[in-house]
Amino acid sequence: VNKSVVNITTAVEGGGLFGDETSTGTGSGFVFDRDGHILTNYHVVEGAENVQVTFFDGSTHEARVVGLDASNDVAVVQAKVPPERLFPVALGDSAPLLVGQKILAIGNPFGLERTLTTGIISALDRSLRAKNGRMIKGIIQTDAAINPGNSGGPLLNSKGEVIGMNTAIVSQVG
């Protein structure tokens, strides 16, 4: 799955105290198909005017946002990359998941590309409030380390199939 995980960098131009300023952000995503569609979180690309995707081989390509779902914190971006250089993920089924089951999370925390953490499913059917106020239900809680930059990366079962998307961390410091 390592070849399927991408690093997403965004930029937003805006007026600052001393004139125009560029604000940047980073997150993760994963290749969904050979047409260059990449799944990530809405909050990773929210408001982005420029989206760059860095693939496993170090190549960086411009991408455009082609789908947004703020209510479920999901987005789709598309990069024009030759199909033979794309490695789509295998999708799994989240319905039969059990508390205690081993899972793996891949992402780009703190800009460290394709970092793998492991853990278990701590709870199922949690709820999380989206930025637009809607309650997202059916969240998978894990004890695998999820840090800033992991957002949008795949949550995998032990077969390497995607069963969810790394979305949030709850901590005392925010």
Side-chain angles (χ1 to χ4, degrees), residues 1-16 19-94 103-118 128 130-132 136 140 142 144-157 159-169:
V1 177
N2 184 43
K3 289 183 175 183
S4 304
V5 179
V6 301
N7 189 7
I8 297 175
T9 306
T10 62
V12 178
E13 301 289 329
D20 287 343
E21 294 181 1
T22 301
S23 173
T24 61
T26 62
S28 303
F30 50 96
V31 177
F32 183 72
D33 63 22
R34 292 204 183 265
D35 291 328
H37 291 106
I38 296 161
L39 291 176
T40 189
N41 287 126
Y42 170 81
H43 74 264
V44 169
V45 298
E46 179 182 11
E49 295 169 1
N50 182 294
V51 178
Q52 300 282 322
V53 178
T54 303
F55 291 84
F56 76 97
D57 62 2
S59 66
T60 299
H61 301 270
E62 223 171 283
R64 63 186 179 95
V65 176
V66 296
L68 294 171
D69 182 355
S71 294
N72 290 297
D73 197 19
V74 176
V76 179
V77 300
Q78 186 174 23
K80 291 190 179 192
V81 180
E84 63 273 6
R85 293 184 51 209
L86 296 170
F87 297 88
V89 295
L91 298 178
D93 184 359
S94 61
I103 54 85
L104 303 101
I106 302 180
N108 303 294
F110 308 114
L112 301 170
E113 293 188 14
R114 288 173 306 287
T115 298
L116 174 71
T117 59
T118 64
L128 179 70
K131 282 190 168 188
N132 67 2
I136 305 171
I140 301 166
T142 179
I146 305 292
N147 290 296
N150 272 111
S151 289
L155 185 67
L156 310 165
N157 62 22
K159 296 177 190 174
E161 300 168 330
V162 176
I163 55 168
M165 186 184 308
N166 306 325
T167 301
I169 180 172

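Quantities reported herein were computed from a predicted structural model and do not represent experimental measurements.
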Among Leu39, Leu155, Asp73, side-chain contact (heavy atoms from CB on, under 4.5 Å) partner for Met165 = Leu39
Atom CZ of Phe32 with >12 non-hydrogen neighbours under 6.0 angstrom = no
Determine yes or no for a side-chain-to-main-chain donor-acceptor pair under 3.5 angstrom, with Arg34 supplying the side chain and Pro88 the backbone.
-> no
Check Thr117 against Ala144 and note the closest heavy-atom contact, atom names and distance.
-> OG1-CB, 3.8 Å
Below 4.5 Å, heavy atoms only, C-beta onward: do Phe87 and Val31 meet side chain to side chain?
-> no
What closest approach, in Å, do Ile106 and Leu156 show between heavy atoms, and which atom pair accounts for it?
-> CD1-CD1, 3.7 Å
If you look at every heavy atom in Ala130 and Ala70, which pair is closest and at what distance?
-> CB-O, 3.5 Å
Between CD1 of Ile103 and OG1 of Thr142, what distance do you get to the nearest 0.5 Å?
-> 3.0 Å
Would you say the side-chain atoms of Ser71 and Asn132 include a donor-acceptor pair closer than 3.5 Å?
-> yes
Considering non-hydrogen atoms only, spot the tightest contact between Phe56 and Arg114 and give its length.
-> O-NH2, 3.4 Å
Between Gly27 and Val44, the two heavy atoms sitting closest are CA-CG1, 4.0 Å
How close do Val5 and Gly107 get, heavy atom to heavy atom, and via which atoms?
-> CG1-CA, 4.5 Å
Is Asn108 close to Thr26 at the side-chain level, that is, under 4.5 Å between some pair of heavy atoms?
-> no
Do side-chain atoms of Asn41 reach the backbone of His43 as a donor and acceptor pair under 3.5 angstrom?
-> no
Answer yes or no: is there a donor N or O on one side and an acceptor on the other, between the side chain of Asn157 and the main chain of Lys159, under 3.5 Å?
-> yes
Between Thr60 and Thr54, a side-chain donor and acceptor under 3.5 Å | yes
Leu116 vs Asn2, side-chain contact (heavy atoms from CB on, under 4.5 Å): CA-CA, chis, key distance, verdict = CA-CA 9 Å; Leu116 174 71; Asn2 184 43; over 6 Å; no
Evaluate the side-chain proximity of Glu62 to Gln52: yes if any heavy-atom separation is below 4.5 Å, no if none is.
-> yes
Taking the side chain as every heavy atom from C-beta outward, state whether Asn72 and Tyr42 have any pair of such atoms under 4.5 Å apart.
-> no
In Val162, Val6, Ile38, the residue satisfying side-chain contact (heavy atoms from CB on, under 4.5 Å) with Phe30 is Val162
When rounded to the nearest 0.5 angstrom, what distance separates OG1 in Thr115 from CG in Asn150?
-> 7.5 Å
